Amino acid sequence: MLKTVFASAAVALLAVPAVAQADDSREFSHEGVNYTYTTAQKGKVTVIDGATSAGVPFRLYVKGSRVTGTYNSRYVSFTTAEAAKLHLGE
């Protein structure tokens, strides 16, 4: 269930332009949870680093169509297609 909830919320994070600067803090809300994050481009990998309004930290690494990283110190791994499918309720 954790993967489903976070993958669904991560869709908005994946829409972040790869050229966003690390000092540009961004935020969005999903199902009553606020997410604040920054992005940084490290070669071919986009690093998304942030926390929820409840203080839950996350760090995601987006490379191509694959997303890996941690959410609340737990490893997560999914494809952008899986996240989009969950988000769209298919």
Side-chain angles (χ1 to χ4, degrees):
M1 182 168 163
L2 173 68
K3 179 180 175 182
T4 301
V5 172
F6 190 67
S8 181
V11 171
L13 294 172
L14 299 177
V16 174
V19 295
Q21 299 297 316
D23 59 351
D24 290 340
S25 182
R26 298 169 186 249
E27 62 183 73
F28 73 97
S29 295
H30 179 74
E31 295 186 0
V33 177
N34 297 321
Y35 296 81
T36 304
Y37 63 94
T38 59
T39 63
Q41 193 66 33
K42 305 287 184 183
K44 295 181 179 181
V45 178
T46 301
V47 180
I48 303 170
D49 200 11
T52 69
S53 51
V56 176
F58 58 87
R59 177 173 279 180
L60 300 175
Y61 302 91
V62 184
K63 183 175 181 183
S65 63
R66 191 91 202 141
V67 182
T68 58
T70 58
Y71 177 79
N72 199 19
S73 300
R74 293 183 181 172
Y75 180 74
V76 295
S77 177
F78 49 91
T79 66
T80 55
E82 287 175 315
K85 186 176 180 180
L86 290 170
H87 182 69
L88 297 174
E90 296 178 356

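All figures in this text were calculated on a predicted structure; none of them were measured in a lab. Numbers here simply count residues along the sequence, with the first being 1.
In plain terms, the two heavy atoms of G64 and T80 that are nearest each other are O-CG2, 4.5 Å. Across all non-hydrogen atoms, the minimal contact from S25 to T38 is CA-CG2, 4.0 Å. Scanning both residues, T52 and F58, for their nearest heavy atoms gives N-CE2, 4.2 Å. What you find for I48 and V62 is that their closest heavy atoms are CD1-CG2, 3.9 Å.
One hydrophobic cluster, built from ILVMFWY side chains closer than 4.5 Å, cannot hold both V67 and Y61; they sit in different ones. Note on V47 and L60: separate hydrophobic clusters, where clusters join Ile, Leu, Val, Met, Phe, Trp and Tyr whose side-chain heavy atoms are under 4.5 Å apart, directly or indirectly.
Between F28 and Y37, the ring-plane angle classifies as perpendicular under the 30° and 60° cut-offs.
From T79, atom OG1 reaches atom CZ of R66 across 6.0 Å, with rounding to the nearest 0.5 Å.
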